[in-house]
Number of protein chains: 2
Amino acid sequence: MQPAAADPAAQVDYASLPDHVGYLLRLAQLRVWEDFYARLSATGITPSLYSALVLIERNPGLQQSRLGEALGVARSGAMTMVDRLERQGLVERRPAPHDRRAYGLFLTADGRRRMPEIVAMVQQHDRQINAVLSATEHRTLMTLLKKFVAAPAQRGNSLPAMEGDPTVSRQKRSGSRTPRTGRRQSKPREE
Amino acid sequence: MQPAAADPAAQVDYASLPDHVGYLLRLAQLRVWEDFYARLSATGITPSLYSALVLIERNPGLQQSRLGEALGVARSGAMTMVDRLERQGLVERRPAPHDRRAYGLFLTADGRRRMPEIVAMVQQHDRQINAVLSATEHRTLMTLLKKFVAAPAQRGNSLPAMEGDPTVSRQKRSGSRTPRTGRRQSKPREE
DNA sequence: TATTGTTATACTCTATAACTATA
DNA sequence: TATAGTTATAGAGTATAACAATA
């Protein structure tokens, strides 16, 4: 995303671009992410990982599939997220009580210990991000965004994670679908 | 992004997630994209391609590098975009008058002919998207988003394209950088 | 030496499909 | 037969680096 050196882009006429909500939404989100990453880079927590953490903290024992559904990612994507959080020692998978296929997700002791700090960093990030708006403006923006999002969608409508996603494009375009192969074994930790 | 079947996600407590601007921005953008892709899928135009088209139309003779800077993508990325637009017959590269390295970008005759229709589709998309807000609300939202975006950034601050981007994450994370190799020849159309 | 266009390569994110164990 | 977790693979998007031609 390298910023234009001096400002060669200044000569370009952006025409109608800034009149599109989508364009502004993207710029805004980009700005938010930049600050998020800059601020939390040391922790290795990304926006999507953070949203997973919050959900797991608030819904102890949550299953991976449920997490994925809640965050709008495929099961395999949820896997990756949980793997990362597990590797960071923040989250653990415990066998589900009544279903030997499933696991429940929990914060580890370390995760519970570190959570407040992480949350504080994110809140600080939020404050920084919102600093450009007055309290009233911020409230208004949140209200409008919520209204925008809550509106009945043409298609399904869950609440996805906090992360970028070239997904939509991929899904909706491309008429060619090629099947795959591959695999080997599963659940190498249950014998 | 498959929508949750019935609504298993409804049982999940989203906790503080909806209080974060970033989270709402992402949801909002997702919704916008969905509609954009659904509506323009037949044309093969993505949000980022559309923004390129608009810039080229308004700035005839624009160089690829300038386009890239204006849209916040690397030169190689601008290449890809222009390649796609060229393949679709919408844009052409003409040798720049006073710089034999450079090319100027122009809409083709066909591009100019099709542009109004594309613009109309995008405007229709915009209307649909904005339908959930009153005219006043929409104006307020745009104003707030602009204010949000226009605020002095900590880092550089150009106006990128209309497309998702896992970019930020990649750039800001990862301490390991491995150099590459590769190439073969360039400009096979200038001998 | 710097810039423009180009190509090769790598990495992130996320999807689909198929498989295993279990229900 | 369906579901949870897993794994392999595909592909979109975008970055970096190196190169040729030109400035």
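Nearest nucleotide to the A:S76 side chain, out of C:dA17, C:dT4, C:dA8: C:dA17. The A:R84 side chain lies nearest to C:dC13 when the options are C:dA15, C:dA23, C:dC13. Of the candidate nucleotides C:dG5, C:dA17, D:dG5, C:dG5 has the atom lying nearest to any side-chain atom of B:Y103. Proximity note for A:A102 (side chain, C-beta onward) versus C:dG5, D:dA15, D:dG5: the nearest is D:dG5. Checked against D:dT7, D:dT22, C:dT7, the side chain of B:M79 finds its nearest nucleotide in C:dT7.
Proximity of A:R101 to the phosphate of C:dA21: no side-chain N or O atom is located under 4.0 Å from OP1 or OP2. In this structure, B:S65 reaches the C:dG5 phosphate: one of its side-chain N or O atoms is under 4.0 Å from OP1 or OP2. OP1 and OP2 of C:dA18 both lie 4.0 Å or more from every side-chain N or O belonging to A:R75.
Here the P atom of nucleotide D:dG5 and the CD atom of A:E92 are 15 Å apart, to the nearest Å. If you measure from atom CG of B:D83 to atom P of D:dT14, you get 14 Å, rounded to the nearest angstrom. Distance, B:E69 CD to C:dG5 C1': 13 Å, rounded to whole Å. In this structure, the CD atom of A:Q64 is 10 Å from the P atom of D:dT7, given to the nearest Å. We find that CZ of B:R100 is positioned 13 Å from C1' of D:dA20, with the value rounded to whole Å. We find that CG of A:L30 is positioned 14 Å from C1' of D:dA15, with the value rounded to whole Å. Rounded to whole Å, atom P of D:dA15 lies 12 Å from atom CD of A:E34. Taking atom CD1 of A:I45 as the reference point, atom P of C:dT12 lies 17 Å away to the nearest angstrom.
Heavy-atom nearest nucleotides on DNA chain D were determined for B:H98 and for B:G77, and the one closer to the 5' end corresponds to B:G77.
Classified by interplanar angle (parallel below 30°, tilted 30° to 60°, perpendicular above 60°), the ring pair B:Y14/B:Y23 is tilted. In this pair, A:H125 and A:F36 present their aromatic rings perpendicular. The plane angle is above 60°, beyond the 30 to 60° band.
Salt bridge status for A:E69 with A:R66: present, with a side-chain N to carboxylate O gap under 4.0 Å.
Residues meeting the side-chain contact (heavy atoms from CB on, under 4.5 Å) test with A:E137, sequence neighbours left out: A:L133, A:S134, B:L144, B:K147.
Among the atoms of the strands shown, none is found under 4.0 Å from any heavy atom of A:T80.
Not a single donor-acceptor pair under 3.5 Å links the side chain of B:E92 to the backbone N or O of B:L105.
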